Amino acid sequence: MPDPASGLAARIAGFVTSTPAGRGQLDQARLTVLDTIGVALAGGAEPAPVAVRSAQRPGWDTDPRIWWDGTPAGPAEAVLANAVAAHGLDYDCLIPAAYVQPGAVLVPALIALAERDGVTGARLLDGVARGVGLLGALGRDLGHQLHTRGWHPTCVLGVVAAAAAGAHLLGLPTGGIATAVNIAVSLSGGLKQNFGSMTKELQVGEAARGGAQAALLSAAGVTANPRAADSWLGLVGPPGHRAPTLEPPPGGPDVHIKRYPCCGRMHAALDAAAALRNSRPPAAGEVRSVACHLNPADIAHIDRAEVHTPAEAKFSVQYGLARMLARGQVGLSDFEPQELAAADVARLMPRVRIHPDGAVPSFGAQVVIGFSTGEQQRQHAAGPAAASAADVAGKFADCCARAGRAAADARTFAAMITRPGAIPDPRTLVRSLPGRASVAV
């Protein structure tokens, strides 16, 4: 019988415990925490998180909190509610090369576990950094194949990363972390077929909850087959797939914090269109054609010439480009139902044409605008533009404004997370979330 110590779960446990979280990883983890909480606050009133909360019973005052309304809930229930809200607007961060969105599946799980056990803010930040590193390593090896075959990689791989990082956060030894991984693989799932429905964010929430539960169950003494993760790899990996290398990425953290609340494959095209608009603002009716060159692997996800719902608009590069060129921005308010049929955007959408181009990298774009004068302008973007710490703080403020939170509280909270040094302990962190803005009567 093969030695369990050489199995995938044991290697994952070794990765999580031995990989140091450097300054760059901790800084990225800090922004990931802030971004995830912000998008969860903004998404808390969406149908899926509202439905999830209505199905849950309140917890005790000492339990972890649901970020949107501050009510206590059991750890598993809090994780589910917060993760569904964090993914509800498709505004949460991603690792493009890994086909995963780490914030929504890791941050709610780790914060709830840290609240439950009184873990320090420094340990929480370290746990997020390690979880992001592991999920990125798994995704770079398995994400593309999973995505191509119809799986939702954030869910399939995220439950494993949340379990391993959560078990490490709870102080389990490597054997306990490996057991958590072997429990988590039995909870792994999630289908692309449910994209565009509320189940998309629900399955991210279930992955976060499953990871947290796997860590807690391992800590409680629940056993699992020590080779379960190896069997799982044979099922989710392509035929003949070798074991993941679990190598950290060259060049440090590679989390992309979204600057637009829509599918990440659209972002480079929106960046290119913004640059073109800034260099030569078009007059009304002056744009005659918009050619968007995309990698063939990206087109199926974002090619929607007509949109009828906000969910469809978030996966329509035609809508995004028309919105950017007509209005100069693509923000949360641009995906409200009443905005989808705006006259200036509706006029531009039919002029956007998608062109498959293998020379354009995945998640990249080239945009060519043709004007009524016969002039053409083009802009290439190899990938989505990175968000600075100031960008993330500004995004957090916008998310809080959508959630009706006080602007001054939002600025204070963002400054508390982004300043150098340790973040507050998770219980203090969650109880310091921006409060409701006062309404003048």
Side-chain angles (χ1 to χ4, degrees), residues 13 16-17 20-21 25-26 29-34 36-37 40-41 56-83 85-86 102-132 134 161-177 179-181 183-184 205 208-222 412-413 415-435:
V16 168
T17 55
Q25 290 173 301
L26 292 174
R30 190 186 305 277
L31 296 181
T32 300
V33 168
L34 179 64
T36 303
I37 292 174
L41 291 176
Q56 295 174 329
R57 292 188 301 175
W60 300 97
D61 188 58
T62 53
D63 280 333
R65 302 299 175 104
I66 296 174
W67 303 337
W68 168 258
D69 55 19
T71 57
E77 288 74 19
V79 172
L80 177 65
N82 291 330
V105 77
L106 289 170
V107 175
L110 297 181
I111 285 183
L113 292 176
E115 282 185 274
R116 174 187 179 273
D117 280 23
V119 170
T120 66
R123 280 195 64 191
L124 169 64
L125 206 60
D126 177 76
V128 172
R130 291 172 187 268
V132 168
L134 174 60
H168 181 266
L169 186 72
L170 295 177
L172 271 62
T174 55
I177 297 171
T179 297
V181 169
I183 295 171
R209 175 163 72 169
Q213 285 184 311
L216 290 170
L217 291 169
S218 179
V222 172
T412 299
F413 187 87
M416 179 175 68
I417 302 299
T418 55
R419 72 168 62 103
I423 62 175
D425 71 89
R427 291 174 183 169
T428 301
L429 181 77
V430 172
R431 286 157 180 76
S432 302
L433 288 172

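Nothing fancy with the numbering, it's 1 onward along the sequence. Since the structure is predicted, the reported quantities are computational estimates derived from the model, not experimental observations.
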_Any donor-acceptor pair under 3.5 Å from Arg130 side chain to Ala165 backbone_ = no

*asked:* Looking at Arg116 and Pro64, would you say the former's side chain and the latter's main chain have a donor-acceptor pair under 3.5 Å?
replied: no

_Under 3.5 Å: donor-acceptor pair, side chain of Arg427, backbone of Thr62_ = no

*How long is the span from the CG atom in Leu113 to the NE2 atom in His168, to the nearest 0.5 Å?*
13.5 Å

_Side-chain donor or acceptor of Ser218 paired with backbone N/O of Ala214 under 3.5 Å_ = no

_Ala180 versus Ala215, closest heavy-atom pair with distance_ = CB-CA, 4.1 Å

*asked:* My understanding is that only residues two or more places apart in sequence, or in another chain, count here; which of them pass side-chain hydrogen bond (donor to acceptor under 3.5 Å, both in side chains) with Thr120?
replied: none

*Can you name the nearest heavy-atom pair linking Ala83 to Ala208, along with the distance?*
CB-CB, 3.7 Å

*About how many Å separate CG of Leu26 and CG of Leu125, when rounded to the nearest 0.5 Å?*
5.5 Å

_Reported OG1-to-CD1 distance for the pair Thr71 and Ile66, which is rounded to 0.5 angstrom_ = 4.0 Å

*What distance separates Gln213 CD from Ile183 CD1, expressed to the nearest 0.5 Å?*
10.0 Å

_Where Arg419 and Arg30 come nearest, the two heavy atoms and their spacing_ = O-NH1, 3.2 Å

_Would you compute the distance between atom CG of Leu106 and atom CD1 of Ile111 and round it to the nearest 0.5 angstrom?_
11.0 Å

*Mind checking side-chain hydrogen bond (donor to acceptor under 3.5 Å, both in side chains) for Asp425 and listing every partner two or more places apart, or none if nothing turns up?*
Thr428

*Where do Pro426 and Leu124 come nearest, in terms of heavy atoms and distance?*
CG-CD2, 3.8 Å

_Backbone N/O of Trp67 and side chain of Asn82: donor-acceptor pair under 3.5 Å_ = yes

*Ignoring hydrogens and geometry, is there a side-chain-to-backbone donor-acceptor pair from Arg209 to Gly205 under 3.5 Å?*
no

*Does any pair with a residue in residues 64-75 pass salt bridge (charged side-chain N to carboxylate O under 4.0 Å, His left out), and if so which ones, sequence neighbours excluded?*
Arg53-Asp69, Asp61-Arg65

*Identify the two heavy atoms, one from Leu216 and one from Pro75, that lie closest to each other, and give their separation to 0.1 Å.*
CD1-CB, 4.3 Å

*Between CG of Leu172 and OG1 of Thr17, what distance do you get to the nearest 0.5 Å?*
11.5 Å

*Flag side-chain contact, heavy atom, 4.5 Å: Leu429 against Ile417*: yes

_Heavy-atom closest pair, residues Asp126 and Ala21_ = OD1-CB, 3.3 Å

